[in-house]
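Structure, as structure tokens:
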Amino acid sequence: MNDKIIVTFPDDSKKEFPRGITPQEIVNQMGGRLKKEALAARTNGELIDLTRPLTGDTRLSFISFDDPEGSKIYRHSSSHIMAQAVQRLFGDAKLGIGPSIENGFYYDFDVSESFSPEDLEKIEEEMKKIIKENLPVERKELSREEALDLFRKKGEDYKLELIEELPEDEIISLYQQGEFLDLCAGPHVPSTGKIKTVKLLSLAGAYWRGDERNPMLQRIYGTSFTKQSLLQEYLDRLEEAKKRDHRKLGRELDLYSMHEEAPGFPFFHPKGMIIREELLKFWRQEHRKAGYQEIQTPIILERKLWEQSGHWEHYKENMYFTKIDDADFAVKPMNCPGAMLVYNTRMHSYREFPLRLAELGLVHRHELSGTLHGLLRVRNFTQDDAHIFMLPSQVKEEVKKVIDLIDHFYKVFGFTYHVELSTKPEKAMGSGELWEIATSALREVLEENEIPFKVNEGDGAFYGPKIDFILEDCLGRNWQCGTAQLDFQMPEKFDLSYIGEDGQRHRPVIIHRVVYGAIERFFALLIEHFGGAFPLWLAPVQVIFLPIADRHFEYARKKAAQLEEQGFRVEIDERNEKVGYKIREAQVQKIPYMLIVGDKEMENSLVAVRKRGEGDIGPQPLEALMETLINERDEKSIY
RNA sequence: GCCGACGUAGCUCAAUGGAAGAGCAGCUGACUUGUAAUCAGCAGGUUGCGGGUUCGAAUCCCAUCGUCGGCUCCA
């Protein structure tokens, strides 16, 4: 056997090395920045430790923190250091899992007493010691039996459970640094000293494997970076993001409020209502264009209807109930049963299809108290719902239209989103075969239109699979907004039919879909997306006049009336304050246009324009400005 | 729902077992103001709610309500 191997680098250059050389040795010879920055290596596509010997010809590249895989490895190694620190300080702590996550890492521990914030500081200190000790991180491979034996002796019950579930033929690897040993696939950084700066951020309970039937472990979240300045930058970014929080801006801009007397049930203030109404006006306009008709169904419907729809069986825990004249009623958590009743009021022909019945329906759902979150997760909300009744042959085309409609809406607001396909859940209605047909129909539409998507196994609605449109809040948390759900169940349950070309009765198919999702949630994301600085068409106050002194009030009122005639929302700040004060106030309220009027403007019949985000843009006649404003508003411009 | 933290004036926060306070906002008055905060005065509280310990509780304990973070990221 040849004792040389050929290594090919990313630039396609090749070099010969002795067999068994490690990537670390190679990068040491290369020197330069990479020598310091390399964390792991990639050989023929596989990520390995720098200390793993190379046994054959291979392509080789080095991974540093700036690579997406690099920061993951870095954070994963950081989580091991945290676990080591925890075990040093709390001998009885059993290990759960400790992966890297976006922007950081966590580790779950089973400890007799939960951690306190002070414990976090101690753990962080211990981590710094471990880093300073610069312990080499070594990989070991064991047989299944050896691994089980080892973790049984250590009393690591959770690790045992994990090993037992690994496939029979899987190589079981462990990583050791000093006295600390953990089950881990790797790769890891070569030594603990590679980690330059760590920060523990928060503490939380987390069920073992995310299942509430399992014990609750203590989870510590943290992050790490290669430089203190990068960490500081990240922390500053978090602080900045919090300023966009819709709960903060919602109060500051007087848009909505929440009250102890109504947990999860939002109150909309006049300025919030203006935005809501603008969203709905736009929605009605676009839906008319797209061939939808609007209906409205009651909020309270009788129990037997919910039994018929399957909600009684599948959704009862989330529903509110009431009694009327001794009969049981439920407050609707979804709009579908009402729409089914409307459909069944007369005969339908295939010629009407697709029949698109839209409803801005107020639904109530009993969400767990711990999940409530501002306007993003509430207990009552308005869905911009629609049920589309159609022939099975129309499904794919119609799903495509829904996707296009949602895309059109999100583009108007400048949202970026991602798409997820959710499949059959445990608690599902209907045959597996129907689910299969429905799921692959959705999948095909996405694939044929080259829309990238992630699959969420088991996350579908109880009546059908769905395509979800996900937006992010100010802290990057995901929220489902738009959705298109295929339903073969409701038509059965409600015995829906249409008369086909052949003169016979047939079963239609339904798409449930929402575009905004919930007006409340979408509104919250809009607030965060724009940081409260809404585009002109949405701004509660679009233009504010700032007269310099009393003698300019009359002129301001005259000019304001001209704008109001064109449908603008205008205010005049007639308070007895200096113009600087009025400007500051209007700026804080994020009003798009301030028009300052004093002697100079009155004389020449002008307004001095101060534009949000740009500042003073000089005086001009109101008529000229009006044209710009009308254009900006009607085009729904974003700047 | 579960784990943890938090709850003081409309808002942001101080007072850590010994007299409940500040800034902003609000109200009143003066100033008639030129591109991000004019000055002065006034008012604002059963410290979330209920119980307990104590001579004395915003502070300590129990209970309850609400809020915040997490419970999805798989060794």
Side-chain angles (χ1 to χ4, degrees), chain A residues 72 76 79-80 83 95-108 113-117 119-120 147 151 156 158-163 165-166 170 172-175 182-186 201-221 242 245 247-248 251-252 254 257-264 317 366-374 420 454 456 459 470 475 477-478 546-553 575-588 594-601 608-611 615-619:
Chain A
K72 271 191 192 164
H76 191 183
S79 88
H80 276 218
L95 303 176
I97 57 169
S100 72
I101 51 175
E102 203 181 345
N103 296 321
F105 59 87
Y106 68 79
Y107 214 114
D108 288 343
E113 261 179 74
S114 42
F115 297 121
S116 69
D119 291 334
L120 237 58
F151 284 104
E156 295 285 6
Y158 301 102
K159 296 291 177 189
L160 284 175
E161 195 178 321
L162 293 172
I163 297 169
E165 284 175 23
L166 288 174
E170 183 90 358
I172 295 178
S173 57
L174 306 175
Y175 278 80
D182 194 4
L183 174 73
C184 187
L201 297 168
S202 65
L203 207 49
Y207 299 111
W208 168 238
R209 313 191 111 188
D211 189 331
E212 62 184 1
R213 289 165 301 196
N214 287 338
M216 180 162 271
L217 309 182
Q218 298 291 314
R219 175 171 297 179
I220 303 177
Y221 285 93
K242 282 183 191 153
D245 192 312
R247 291 167 297 188
K248 183 175 154 69
R251 184 175 52 241
E252 287 171 358
D254 198 12
S257 57
M258 301 297 290
H259 300 268
E260 220 173 285
E261 294 83 347
E317 319 79 73
H366 180 244
E367 302 293 352
L368 294 178
S369 59
T371 63
L372 301 178
H373 188 100
E420 296 183 3
K454 184 180 129 186
N456 260 339
D459 231 13
I470 317 282
L475 291 175
R477 293 176 289 213
N478 284 338
L546 309 182
I548 293 197
D550 302 6
R551 62 179 179 280
H552 310 118
F553 286 3
R575 289 177 308 172
N576 184 4
E577 294 290 351
K578 289 189 170 176
V579 73
Y581 181 89
K582 294 181 180 180
I583 286 170
R584 182 186 153 77
E585 189 107 323
Q587 194 86 26
V588 168
M594 294 176 221
L595 304 183
I596 293 143
V597 288
D599 292 336
K600 283 185 279 182
E601 287 74 22
V609 184
R610 191 180 163 101
K611 192 175 173 184
D616 190 353
I617 58 171

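Keep in mind that the numbers below use all heavy atoms, side chains included, and drop hydrogens, waters and symmetry copies. We name chains A, B, ... by the order of the sequence lines, and we start the count at 1 in each one.
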| request: State, to 0.1 Å, how close A/Ser79 and A/Gly98 come at their nearest heavy-atom pair, and which atoms those are. | output: OG-O, 2.7 Å
| For A/Asn214 against A/Tyr207, the heavy-atom pair lying closest together | O-CD2, 3.6 Å
[N] [atom2] sits how many Å from [X] [atom1], rounded?
X	N	atom1	atom2	result
A/Asp108	B/G4	CG	C1'	14 Å
A/Gln218	B/C2	CD	P	15 Å
A/Arg575	B/A25	CZ	C1'	11 Å
A/Leu546	B/A37	CG	P	13 Å
A/Ile548	B/U32	CD1	C1'	11 Å

State, yes or no, whether a side-chain contact exists between [X] and [Y] at a heavy-atom distance under 4.5 Å.
X	Y	value
A/Tyr107	A/Leu95	yes
A/Leu183	A/Tyr158	no
A/Glu601	A/Ile596	no
A/Cys184	A/His80	yes
A/Lys582	A/Met594	no
A/Ile97	A/Arg209	no
A/Phe105	A/Pro99	no
A/Glu577	A/Ile583	no

Which whole number of Å gives the distance between the [atom1] atom of [N] and that of [M]?
N	M	atom1	answer
B/C3	B/U64	P	11 Å
B/G4	B/G45	P	35 Å
B/G21	B/A43	C1'	15 Å
B/G51	B/A63	C1'	8 Å
B/A19	B/G23	C1'	22 Å
B/G10	B/C49	P	12 Å
B/G44	B/C65	P	33 Å
B/A40	B/A25	P	13 Å

| note | When A/Asp616 and A/Leu217 are each assigned the nearest nucleotide of RNA chain B, the 5'-most assignment goes to A/Leu217
| query | Taking the nucleotide of RNA chain B with the closest heavy atom to each, which residue, A/Ser114 or A/Val579, is nearer the 5' end? | reply | A/Ser114
| Reckon A/Glu601 touches a base, only the sugar-phosphate, or nothing at all at heavy-atom distances under 4.0 Å? | base
| Sugar-phosphate, base or nothing in reach of A/Asp599, heavy atoms under 4.0 Å | base
| remark: What residues 580-588 of chain A contributes to the RNA chain B interface at heavy-atom separation below 4.0 Å is A/Gly580, A/Tyr581, A/Ile583, A/Arg584, A/Gln587
Distances under 3.5 Å only, N/O to N/O: pair up the protein atoms with those of nucleotides 39-48 of chain B.
none

Close N/O contacts between protein and nucleotides 8-14 of chain B (under 3.5 Å):
from  : atom 1 : to       : atom 2 : distance (Å)
B/U12 : OP1    : A/Arg251 : NH2    : 3.1

Just how far is it from atom [atom1] of [X] to atom [atom2] of [Y], taken to the nearest 0.5 Å?
X	Y	atom1	atom2	result
A/His552	A/Leu546	NE2	CG	12.5 Å
A/Lys611	A/Ile617	NZ	CD1	6.0 Å
A/Ile163	A/Glu161	CD1	CD	11.0 Å
A/Glu113	A/Asp119	CD	CG	9.0 Å

| query | Got a donor-acceptor contact below 3.5 angstrom from the A/Lys72 side chain to the A/Ile101 backbone? | reply | no
| What string of B, S and - do you get for nucleotides 68-75 of chain B, 5' to 3', if B is base contact, S is sugar-phosphate-only contact and - is no contact with any protein heavy atom under 4.0 Å? | SBBBSB-B
| task | Determine, for A/Arg213 against A/Asp211, whether the closest basic-nitrogen to carboxylate-oxygen distance falls under 4.0 angstrom. | result | yes
| query | What pairs with A/Asp254 under side chain to side chain contact (heavy atoms under 4.5 Å, CB included), at least two apart in sequence or on another chain? | reply | A/His269
| task | Can you tell me which stems RNA chain B forms, taking runs of 3 or more consecutive Watson-Crick or G-U pairs with both distances under 3.5 Å? | result | B:1-7 with B:65-71, B:10-13 with B:21-24, B:26-30 with B:38-42, B:50-52 with B:60-62
